[in-house]
Amino acid sequence: MDRLRLLQQIDMAALRRDVEHISLRIPTRLAGTHAGEEMARYSADRLAQAGVDARVVATPGLVSVPGPARLEGEGLRYVLQTCAHCGQTPSAGLLAEVVYAGGGTPGELERAAAAGKIVLVDLGLPPSRPEKHRLARAAGAVGLITINWGSDAGDALPYGSVKSIWGNPASQHDMEDLESALPAAGISRRDGLDLQARLKARPLALRLHVQPDNGWRTVHYTVGELGGQGEDFVIAGGHQDSWQGPSATDNATGSACLLELARLFGSQRAELRRGLVFAFWEGHETGGMLSSAHYADRNWERLRDHAAAYLQIDQPGCLGATRWSSHSNTQLRRYVQDCDARLFPDTERSWRRSTKIGDASFFGLGIPMLAGLASYSPQVLSANANAPFGWWHHTASNTLDKVDFASLERHMHAYASYLWDLCTLPLLPFDFSDVALGLAERLRALAGADDTLELLPLAASLDRLADRAGGLAQAVQACNDRPHDGRIERLDDAQKRLSRLLINLESSACGRYGHDPYGLTAQSTLLPGLHDLQEWQALEPGPLRWCRETGLWRTRNRVADAARDALQIIEAVL
């Protein structure tokens with residue numbers, strides 16, 4: 001079976017039936033509800049029909065169901081939508097001055113004098129909603145309102161979560177953090193711009209009313225397994241729960257793609273060197289990625305020893321998306337870009353490094369992830385206030401008419417192509433040379449004139465690692481060209497060990513066993529653990545500077561050990 005014949009076997013009629021069934025027959029698939037469980041059972045039943053061993057996992061989860069909210073006073077009244085996992089206002093509401101703070105970055109919050117105020121921010125500007133909430137709370141704000149994306153006349157209310165803790169709370173500190181969340185809500189773009197204009201004219205003190213339904217419920221997620229020739233496997237996953245409404249492109253289309261991939265690869269199981277795990281997560285935003293985090297915690301040793309990669313499928317087939325955007329951990333960049341160029345030669349394409357968003361719960365384990373998605377042109381984004389998945393994203397307007405089934409077929413070609421080589425090549429198509437070069441470049445940029453943390457020697461050691469990693473990539477390619485090469489087992493082990501070592505260093509501030517806050521600004525850079533170095537350098541001597549210095553040195557030492565250990569792994573196998 002070659003890739004072309006595999007793609008010819010995709011059954012788009014069956015995929016369309018799944019999209020329609022999920023959207024129309026199981027709408028409002030909120031985590032911890034009957035509809036959420038029904039969706040999990042549907043996924044399991046459809047996997048079983050494809051010959052895939054499937055099970056539904058039930059676990060307690062702290063989830064949130066958002067409800068109506070409002071903002072009123074001084075002759076004004078705006079209808080809002082409560083944010084999941086926000087704090088509750090008193091029965092009489094929260095009265096405070098409202099101030100506009102752009103995207104809600106630290107500088108914008110400072111200029112708005114956010115302390116003691118309800119902060120109005122724009123959802124279409126960075127950072128992410130949970131990070132806006134975290135930063136607003138740190139700035140002393142007492143409430144948060146996010147202006148929805150879409151056209152300036154758009155009246156859709158946004159659903160969304162402000163929970164930044166990843167997965168279920170893991171400590172009393174986490175529980176206290178969640179209990180002290182700010183009251184938060186979303187406002188339509190039309191009303192948000194109206195409010196923003198009024199704030200420019202004069203100060204306004206308004207009363208915010210939100211009543212979130214936060215609590216522990218039983219959450220259900222679905223896992224299907226298709227065995228390969230060995231113990232190693234690739235994970236293909238996406239969330240199956242949703243906000244209120246059909247949520248056709250978020251993520252009924254993604255669940256349907258996973259089901260069709262299960263059928264497609266189930267018919268070719270004899271060809272698979274590595275098996276496939278199909279994961280349908282629940283508690284995505286309403287639980288802060290709780291089921292993928294639960295799966296990682298409960299299957300740690302198996303994932304550590306045998307998981308090869310994670311393909312994330314979320315929001316495929318959005319109407320009007322004409323470009324192709326992919327992201328992955330750096331070691332998969334060349335592989336993903338080669339696949340994209342072969343599949344979409346006449347389409348504008350882009351690639352970026354994966355950051356910890358969506359159900360990316362495997363960075364600490366060091367499992368590389370990849371994803372691909374049709375995306376919007378700059379013109380369309382500008383017209384809709386940077387709505388990344390259509391103006392209807394996270395609203396009740398996410399209906400079946402927002403699905404482009406021709407585009408969805410292109411997504412299936414990409415997903416099946418990505419998975420085919422990952423499951424059938426003798427060795428995984430990793431290249432760690434770009435990882436090492438990127439880390440070295442980042443260290444040089446951070447070092448500064450005096451190199452207080454002694455980063456330049458580490459950059460030099462990473463240059464050496466990049467050179468040796470290039471030799472490893474050549475050896476991997478040679479073995480893939482000659483599948484009976486006797487080095488395959490040793491090279492395979494080396495690649496997995498390098499992944500486990502380098503991914504959490506490259507992309508995680510907290511390290512191997514924890515989870516960074518969702519949308520953490522530091523995640524936008526390589527070596528997020530050193531993100532605050534330049535801010536630290538500007539501090540005057542004193543307790544704050546000395547405290548931060550300790551943490552920065554420890555991150556620096558993580559880099560030193562990882563560079564040394566990675567070099568030893570490669571030299572032992574070449």
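Below, all heavy atoms of this structure are taken into account, side chains as well, without hydrogens, waters or symmetry copies. On a predicted model such as this, the values are computed, not experimentally measured, just so you know.
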Validation row, ring centre H515 to ring centre F363 under 6.0 Å: no

Non-neighbouring partners of R129 that pass salt bridge (Lys or Arg N to Asp or Glu O under 4.0 Å), sequence neighbours left out: none

Backbone N/O of R274 and side chain of D232: donor-acceptor pair under 3.5 Å: no

Residues T521 and E131: side-chain donor-acceptor under 3.5 angstrom: yes

Sub-6.0 Å ring centroid separation between W149 and F389: no

Donor-acceptor pair between R190 and S151 side chains, under 3.5 angstrom: no

Pairs meeting criterion ring-ring contact (aromatic ring centres under 6.0 Å, His included) with involvement of residues 325-353, two or more places apart: W324-F344

Residue list, side chain to side chain contact (heavy atoms under 4.5 Å, CB included) with R41, at least two apart or on another chain: E37, V56, H220

Residues that F278 engages under ring-ring contact (aromatic ring centres under 6.0 Å, His included), provided they are two or more places apart: none

Inter- and intrachain pairs under salt bridge (charged side-chain N to carboxylate O under 4.0 Å, His left out), touching residues 283-296, at least two apart: none

Parallel, tilted or perpendicular, as decided by the 30° and 60° cut-offs, for the rings of F362 and W281: tilted

Note: R55-E225 ion pair, threshold 4.0 Å (strictly below): yes

Those residues that, when tested against H284, pass ring-ring contact (aromatic ring centres under 6.0 Å, His included) (two or more places apart): H239

Residue pairs involving residues 25-44 (criterion ring-ring contact (aromatic ring centres under 6.0 Å, His included); sequence neighbours excluded): H21-Y42

Counterpart residues, salt bridge (Lys or Arg N to Asp or Glu O under 4.0 Å), relative to E506 (two or more places apart): none

Donor-acceptor side-chain pairing of R5 and Q8 below 3.5 angstrom: no

Contacts of R304 that satisfy salt bridge (Lys or Arg N to Asp or Glu O under 4.0 Å) - sequence neighbours left out: none

Pairs satisfying salt bridge (charged side-chain N to carboxylate O under 4.0 Å, His left out), at least one member in residues 377-394, at least two apart: none

Sequence neighbours excluded - salt bridge (charged side-chain N to carboxylate O under 4.0 Å, His left out) pairs with any residue from residues 319-342: R323-E348, R333-D434, R334-D431, R334-D434

Of all pairs that satisfy salt bridge (charged side-chain N to carboxylate O under 4.0 Å, His left out), the ones with a partner from residues 235-245, not counting sequence neighbours: none

Least distance between heavy atoms, C83 atom then G186 atom: SG-N, 4.1 Å

